[in-house]
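See below for the structure under consideration.
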Amino acid sequence: FNPTVDSVAIILKTDGRPLNARIELLQGPNNNKQVVELYTEDGLDRPFFAIVETPGSGNVVRVVNTAPVEFPLYASVDAYRVGGGGDWADDGLMIGRAF
């Protein structure tokens, strides 16, 4: 992700089958990765959602489906909070400049 991304939103779900996955956060080349292993019996009724902080640069989020190939999953990882937005406030209003 871009260094201005402070956190990401992760959503994992299935079509009603079991969800078995591993989420890895790698922060830079020399740091240990943070790992979350998860399981849920029904990924449609009980999908997984998390917001993970990714401060600094060099962050990589990796999602691994550890279930058999018969149990596919749907994954979405997107920027949640982006810092360094200049004059933009959190509510989307621009402060201190004329339009």
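When a residue number appears, it is its place in the shown sequence, counting from 1.
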dist Asn2:CG -> Thr4:OG1 (nearest 0.5 Å) comes out at 3.5 Å
Heavy-atom nearest pair, Phe71 first then Asn65, reads O-ND2, 3.1 Å
With a 4.5 Å heavy-atom cut-off, do Val61 and Ile10 have their side chains touching? yes
Is any side-chain heavy atom of Leu38 closer than 4.5 Å to a side-chain heavy atom of Leu12? yes
Sidechain-backbone polar pair: Thr40 side chain, Leu19 backbone, donor-acceptor under 3.5 Å: no
Using atom types as modelled and distance alone, determine if a side-chain donor or acceptor of Arg17 lies under 3.5 Å from a backbone N or O of Glu70. yes
Using side-chain heavy atoms (C-beta onward) and a distance below 4.5 Å, is Gln34 in contact with Glu24? no
When rounded to the nearest 0.5 Å, the distance separating CZ of Arg62 from CG of Leu26 is 7.5 Å
Which heavy atom in Lys13 sits nearest to a heavy atom in Gly43, and how many Å separate them? CB-O, 3.3 Å
Could you see if Val8 belongs to whatever hydrophobic cluster contains Val63? Use Ile, Leu, Val, Met, Phe, Trp, Tyr and a side-chain cutoff under 4.5 Å. yes
With clusters defined by side-chain heavy atoms of hydrophobic residues (ILVMFWY) lying less than 4.5 Å apart, directly or transitively, does Leu73 cluster with Val36? yes
Scanning both residues in full, the closest heavy-atom pair of Ile11 with Phe49 reads CG1-CD1, 3.3 Å
Validation row: Lys33, Val35 side chains within 4.5 angstrom (heavy atoms): yes
Looking only at heavy atoms, the pair that brings Pro72 and Thr14 closest together is O-CG2, 3.6 Å
Please report the closest heavy-atom contact between Ala21 and Thr66, naming both atoms and the distance. N-OG1, 3.4 Å
Going by heavy atoms in the side chains, are Tyr80 and Val5 under 4.5 Å from each other? no
Has the side chain of Asp6 got a donor or acceptor atom that lies under 3.5 Å from a matching backbone atom of Gly83? yes
Are Val82 and Leu25 connected in a single hydrophobic cluster, I mean Ile/Leu/Val/Met/Phe/Trp/Tyr linked by side-chain heavy atoms less than 4.5 Å apart? yes
Above 12 or not: heavy atoms from other molecules or residues under 6.0 Å from OH of Tyr74? no
